[in-house]
**Student:** 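Here you go, one structure.
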Amino acid sequence: MATITTTVTDTFWSKWGTAINLRLVTKESKSSESQEATKSISRESIPEGFLTREEVAKHNNPRDCWIIINGKVYDVTTFGKTHPGGPVIFTQAGRDGTDAFKLFHPPKAWQALKDVYIGDVHNDEPVPELLKDYRELRTSLMRAQMFKTSIPYYVSKFITVFAILAAALAVINWNQSYLAVLGSSLIMGIYWQQCGWLAHDFVHNQVTDNRKFNSYFGGLFVGNVMTGFSLGWWKTKHNVHHAVTNECDEKYNPIDPDIDTVPLLAWSKEILDTVDDEFVRSIISVQHWLFVPLLFLARISWMYSSWAHASSFPMPRWLRVAEKTTLLIHYSSVIGAALYFLPVPQAICWVILSEFFSGLFLSIVFTVSHNGMEMYTNPKDFVTAQLASTRNIKNQFFYDWFSGGLNWQIEHHLFPTLPRHSLGKIAPHVKALCAKHNLDYQEISLAAAMRAAFDRLVEVAAIARASLKHS
């Protein structure tokens with residue numbers, strides 16, 4: 001199996017989301033059996049206008065990208081450079097991207113495909129029963145109005161987050177002691193976390209059917225001004241996460257940016273095996289001790305990545321100005337509020353602690369959803385990939401609110417545009433789908449999920465320590 005590493009310069013982002021280089025690792029997906037089948041079928045025997053899946057699989061990198069959607073083949077090599085959703089399109093290079101396309105695109109996107117159509121798949125295999133049932137379930141949910149947004153629900157969410165903000169500021173207006181600063185910063189961390197979930201819902205097009213409104217109001221205002229993150233940066237990264245959740249290349253270099261945490265954390269033995277540097281291995285050998293402190297620092301890292309994205313990622317000039325301006329409004333508002341209500345020493349503590357708490361509260365939710373789950377190299381069909389890499393947290397009223405509905409992570413990954421308030425309603429249907437096809441629907445307690453993630457870190461750390469002793 002050959003591994004092809006392609007670097008697209010001056011176009012996309014690096015693995016940290018802080019530069020304009022994107023390293024995508026793609027792979028030959030043909031087994032020896034399929035290679036033999038290809039040899040037995042001559043090009044001359046295939047009717048004009050038809051292509052085999054094996055032929056499509058060869059065009060599997062950003063410089064030569066073919067994708068299958070509904071049995072038709074599209075060459076998106078040129079279009080991918082200006083794809084509105086970012087470089088996520090290249091994660092489907094050489095693959096069948098039918099379900100990913102349907103989930104993330106509006107109906108009018110089908111029109112754009114006409115310009116890049118190059119043929120049909122020759123003698124295509126029937127759609128697997130799992131995918132057929134999944135697509136039928138999505139259609140039935142749409143007919144049942146499950147994708148319809150409740151505007152009063154989201155109005156209540158805005159009222160809630162502004163009430164949290166008011167509470168945080170009221171505490172330091174009432175008392176400027178360090179104890180009050182601690183309490184206020186904790187509340188402020190929750191405020192930013194809850195703003196983050198709102199921005200998440202907007203960018204997933206859950207809140208309205210108007211995608212431009214979702215992107216500009218949800219992104220620039222809710223994301224940049226209220227939350228302090230570049231939603232352009234987050235959307236670019238998060239789209240890839242949804243398309244290839246927990247997936248790695250054949251050498252176990254992570255393709256999903258959310259598990260690409262080396263040199264600080266390695267989420268599997270196989271990912272550790274990609275690390276040759278002894279110093280990095282020494283860091284990973286104590287990663288279970290570093291883990292919680294790193295959660296506190298996560299928001300600061302994301303803020304840096306946000307500014308780097310706004311500075312270097314290719315985008316229209318007006319959007320770059322808007323990204324930077326809205327981020328500066330956020331930073332200046334936070335510093336201004338701190339200095340207005342507090343003396344300088346307490347103000348500095350308040351800003352730093354607020355950042356720490358927000359990073360912790362956001363990271364906890366991300367960690368329990370995917371970390372400690374399967375990391376895989378061979379591409380799976382869309383449904384199987386989501387079930388293998390995602391878990392739910394047993395529903396509790398507080399955690400449902402605290403996590404922005406992402407305790408229903410399986411349902412969210414299968415139907416990312418489904419409004420938050422509908423996730424729990426469709427869970428019985430998803431469970432039935434999993435039961436019918438013998439798929440593991442993992443639903444555990446918050447404590448058990450945290451333990452699973454921590455145990456994985458401990459396991460990999462022990463392997464790293466052992467390797468250092470023998471080096």
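A quick note: this is a predicted structure, and the numbers were derived from the prediction, not measured. Sequence positions, counted from 1, serve as the residue numbers for this chain.
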**Student:** Quick one: closest heavy-atom pair of Val181 and Gln176, and the distance?
**Tutor:**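 In terms of heavy atoms, the two residues are closest at CG2-O, 4.3 Å.
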**Student:** Between CG of Leu294 and OG1 of Thr367, what distance do you get to the nearest 0.5 Å?
**Tutor:**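 These two atoms lie 10.5 Å from each other.
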**Student:** Can you list every pair that meets ring pair (Phe, Tyr, Trp, His ring centres under 6.0 Å) and has a residue in residues 177-198, with sequence neighbours left out?
**Tutor:**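 Residue pairs with at least one partner in residues 177-198: Trp192-His330, Trp197-Phe366.
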**Student:** Per the ring pair (Phe, Tyr, Trp, His ring centres under 6.0 Å) rule, what does the pair list look like for residues 145-164, sequence neighbours excluded?
**Tutor:**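 Found Tyr153-His421.
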**Student:** I would like to know whether Leu387 and His413 meet side chain to side chain contact (heavy atoms under 4.5 Å, CB included); could you show each step before the answer?
**Tutor:** CA-CA 9 Å; Leu387 269 296; His413 265 253; over 6 Å; no
**Student:** Does any N or O in the side chain of Ser215 come within less than 3.5 Å of the main-chain N or O of Lys212, such that one atom is a donor and the other an acceptor?
**Tutor:**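 No; judged by distance alone, with no hydrogens or angles, the pair does not exist.
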**Student:** Looking at side-chain heavy atoms only, is the closest gap between Phe202 and Phe221 below 4.5 Å?
**Tutor:**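 Result no, sub-4.5 Å side-chain heavy-atom pair not found.
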**Student:** If a pair satisfies side-chain hydrogen bond (donor to acceptor under 3.5 Å, both in side chains) and one of its residues is in residues 281-295, list it, with sequence neighbours excluded.
**Tutor:**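 Residue pairs with at least one partner in residues 281-295: Arg281-Ser467.
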**Student:** Can you check whether Ile393 reaches Trp408 side chain to side chain, under 4.5 Å on heavy atoms?
**Tutor:**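 No; the side chains remain at least 4.5 Å from each other.
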**Student:** Show the numbers, then the answer: is there a side chain to side chain contact (heavy atoms under 4.5 Å, CB included) between Tyr441 and Glu443?
**Tutor:** CA-CA 6 Å; Tyr441 181 95; Glu443 187 176 32; 3.9 Å; yes
**Student:** Looking only at heavy atoms, which two atoms of Met315 and Ala310 are closest? And how far apart?
**Tutor:**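 Nearest heavy atoms, Met315 then Ala310: CE-CA, 4.2 Å.
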**Student:** Could you note down all residue pairs passing salt bridge (charged side-chain N to carboxylate O under 4.0 Å, His left out) where residues 163-192 supplies at least one of them, sequence neighbours left out?
**Tutor:**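 Residue pairs with at least one partner in residues 163-192: there are none.
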**Student:** May I have all residue pairs that pass salt bridge (charged side-chain N to carboxylate O under 4.0 Å, His left out) and include part of residues 163-177, sequence neighbours excluded?
**Tutor:**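 Found none.
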**Student:** For Met188 and Leu165, what are the C-alpha separation, side-chain angles and deciding distance, and is it a side chain to side chain contact (heavy atoms under 4.5 Å, CB included)?
**Tutor:** CA-CA 6 Å; Met188 197 68 187; Leu165 173 62; 3.6 Å; yes
**Student:** Using modelled atom types and a 3.5 Å cut-off, is there a donor and acceptor pairing between side-chain atoms of Thr236 and backbone atoms of Gly86?
**Tutor:**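 Not at all, since once roles are kept as given, no pair shorter than 3.5 Å links the two residues.
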**Student:** What is the minimum heavy-atom distance between Gly219 and Leu231, and which atoms define it?
**Tutor:**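 That closest heavy-atom pairing would be CA-CB, 3.6 Å.
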**Student:** For residues Ile284 and Pro263, determine if any side-chain heavy atom of one lies less than 4.5 Å from a side-chain heavy atom of the other.
**Tutor:**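 With C-beta onward as the side chain, the pair stays apart.
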**Student:** Quiz question: by atom type and distance under 3.5 Å, do the side chains of Asn214 and Thr208 form a donor-acceptor pair?
**Tutor:**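 There is such a pair (donor and acceptor under 3.5 Å, judged by atom type) between the side chains of Asn214 and Thr208.
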**Student:** Restricting to pairs with a member in residues 163-175, which pass side-chain hydrogen bond (donor to acceptor under 3.5 Å, both in side chains), not counting sequence neighbours?
**Tutor:**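 Counting only pairs at least two positions apart or across chains, the side-chain hydrogen bond (donor to acceptor under 3.5 Å, both in side chains) contacts touching residues 163-175 are Asn175-Ser177.
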**Student:** Could you give the distance from CD1 (Ile410) to CD (Gln442), rounded to the nearest 0.5 Å?
**Tutor:**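 The CD1 atom of Ile410 sits 7.5 Å away from the CD atom of Gln442.
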**Student:** Do you know which two heavy atoms are closest between Lys324 and Ser311, and how far apart they sit?
**Tutor:**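 Closest heavy-atom pair between Lys324 and Ser311: CE-OG, 3.4 Å.
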**Student:** Parallel under 30°, tilted from 30 to 60°, perpendicular over 60°: which one fits the rings of Phe291 and Phe454?
**Tutor:**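 Taking Phe454 first and then Phe291, their aromatic rings sit tilted (interplane angle of 30° to 60°).
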**Student:** Decide yes or no on side chain to side chain contact (heavy atoms under 4.5 Å, CB included) for Trp401 and Lys157, but give the supporting numbers first.
**Tutor:** CA-CA 10 Å; Trp401 172 81; Lys157 290 299 173 186; 3.7 Å; yes
**Student:** Side chain of Ser268, backbone of Ile271: donor and acceptor closer than 3.5 Å?
**Tutor:**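 Yes, because the side chain of Ser268 sits within donor-acceptor range (under 3.5 Å) of the backbone of Ile271.
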**Student:** Side-chain atoms of residues 332-343: list all donor-acceptor pairs with protein atoms under 3.5 Å, sequence neighbours left out, distances to 0.1 Å.
**Tutor:**
{"unit_1": "Ser332", "atom_1": "OG", "unit_2": "Leu328", "atom_2": "O", "d": "2.8"}
{"unit_1": "Ser332", "atom_1": "OG", "unit_2": "Ile329", "atom_2": "O", "d": "3.1"}
{"unit_1": "Ser333", "atom_1": "OG", "unit_2": "Ile329", "atom_2": "O", "d": "2.6"}

**Student:** Strictly below 4.0 Å, N to O, side chains only: are Arg95 and Glu247 in salt-bridge contact?
**Tutor:**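 Salt bridge flag = yes for Glu247 with Arg95.
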**Student:** For the pair Thr390 (side chain) and His370 (backbone), establish whether a donor and an acceptor sit closer than 3.5 Å, ignoring hydrogens and angles.
**Tutor:**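 Judged by distance alone, no pair lies under 3.5 Å.
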**Student:** Quick one: CE on Met373 to CD on Gln386, what's the gap to the nearest 0.5 Å?
**Tutor:**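 So the CE of Met373 and the CD of Gln386 are separated by 10.5 Å.
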**Student:** Between Asn378 and Glu250, is there a side-chain donor-acceptor contact under 3.5 Å, judged purely by atom types and distance?
**Tutor:**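 Glu250 vs Asn378: no donor-acceptor pair found between side chains.
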**Student:** Distance from Asn239 atom CG to His242 atom NE2, nearest 0.5 Å?
**Tutor:**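 Between Asn239 CG and His242 NE2, I get 8.0 Å after rounding to 0.5 Å.
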**Student:** Measure from the ring center of His238 to the ring center of Trp234 and say whether it is less than 6.0 Å.
**Tutor:**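 So the answer is yes for these two rings.
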**Student:** Just so I know, are the side chains of Phe104 and Val88 near enough to count as touching, which here means a heavy-atom distance under 4.5 Å?
**Tutor:**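 Contact flag for Phe104/Val88 side chains = no.
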**Student:** Going from CZ on Arg63 to CZ on Phe90, what distance comes out if it is rounded to the nearest 0.5 angstrom?
**Tutor:**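 Atom-to-atom, Arg63:CZ and Phe90:CZ are 9.5 Å apart.
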**Student:** Is the closest side-chain heavy-atom distance between Phe402 and Val365 below 4.5 Å?
**Tutor:**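 Answer yes - side chains close enough.
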**Student:** What distance separates Met375 CE from Glu270 CD, expressed to the nearest 0.5 Å?
**Tutor:**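 With rounding to 0.5 Å, CE (Met375) is 9.5 Å from CD (Glu270).
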**Student:** Taking only residues at least two apart or on different chains, which pairs with a member in residues 188-209 satisfy salt bridge (charged side-chain N to carboxylate O under 4.0 Å, His left out)?
**Tutor:**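 Found Asp201-Arg420.
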**Student:** Which residues pass the side chain to side chain contact (heavy atoms under 4.5 Å, CB included) test with Asp256, sequence neighbours left out?
**Tutor:**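 Scan of Asp256 (side chain to side chain contact (heavy atoms under 4.5 Å, CB included), adjacent residues dropped) gives His241, Thr245, Asn246, Asp258, Ile259.
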**Student:** Trp267 and side-chain contact (heavy atoms from CB on, under 4.5 Å): which partner among Val460, Leu457, Val262?
**Tutor:**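 Among the candidates, only Leu457 passes.
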**Student:** Return all side-chain donor-acceptor pairs below 3.5 angstrom for residues 353-361, not counting sequence neighbours, or 'none' if the list is empty.
**Tutor:**
{"unit_1": "Ser354", "atom_1": "OG", "unit_2": "Trp350", "atom_2": "O", "d": "2.7"}
{"unit_1": "Glu355", "atom_1": "OE1", "unit_2": "Arg299", "atom_2": "NE", "d": "2.4"}

**Student:** Do Thr377 and Asp249 have side chains that approach each other closer than 4.5 Å (heavy atoms only, starting at C-beta)?
**Tutor:**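 Not touching, per the 4.5 Å side-chain cut-off.
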**Student:** With sequence neighbours left out, what residues match Pro84 under side chain to side chain contact (heavy atoms under 4.5 Å, CB included)?
**Tutor:**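 For Pro84 the side chain to side chain contact (heavy atoms under 4.5 Å, CB included) partners, ignoring immediate neighbours, are Phe79.
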**Student:** Can you see which heavy atom on Arg456 is nearest to which on Gly372, and at what distance?
**Tutor:**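 Scanning both residues completely, I find the closest heavy atoms to be NH2-O, 2.8 Å.
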**Student:** Considering all heavy atoms of both residues, which atom of Phe313 and which atom of Arg320 are nearest to each other, and what is their separation?
**Tutor:**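 That would be O-NH2, 3.0 Å.
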**Student:** Pair Ser230, Glu323 - check side chain to side chain donor-acceptor pair (under 3.5 Å), show working.
**Tutor:** CA-CA 7 Å; Ser230 162; Glu323 283 265 20; 2.9 Å; yes
**Student:** Under 30°, 30 to 60°, or over 60°: which ring-plane class applies to His200 and His412, parallel, tilted or perpendicular?
**Tutor:**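 Aromatic pair His200/His412 classed tilted.
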**Student:** What pairs meet the salt bridge (charged side-chain N to carboxylate O under 4.0 Å, His left out) rule with one or both residues in residues 375-401, with sequence neighbours excluded?
**Tutor:**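 Those involving residues 375-401 are Glu374-Lys380.
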**Student:** Got Val240 and Val244 here, is their nearest side-chain heavy-atom distance under 4.5 Å?
**Tutor:**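 Yes; the side chains approach each other to less than 4.5 Å.
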**Student:** Give a yes or no answer on whether the side chain of Ser184 reaches the backbone of Val171 with a donor-acceptor pair at less than 3.5 Å.
**Tutor:**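 Not at all, since once roles are kept as given, no pair shorter than 3.5 Å links the two residues.
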**Student:** Does the side chain of Cys65 reach to within under 4.5 Å of the side chain of Asn60, using non-hydrogen atoms?
**Tutor:**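 Side chain of Cys65 against side chain of Asn60, heavy atoms only: no contact under 4.5 Å found.
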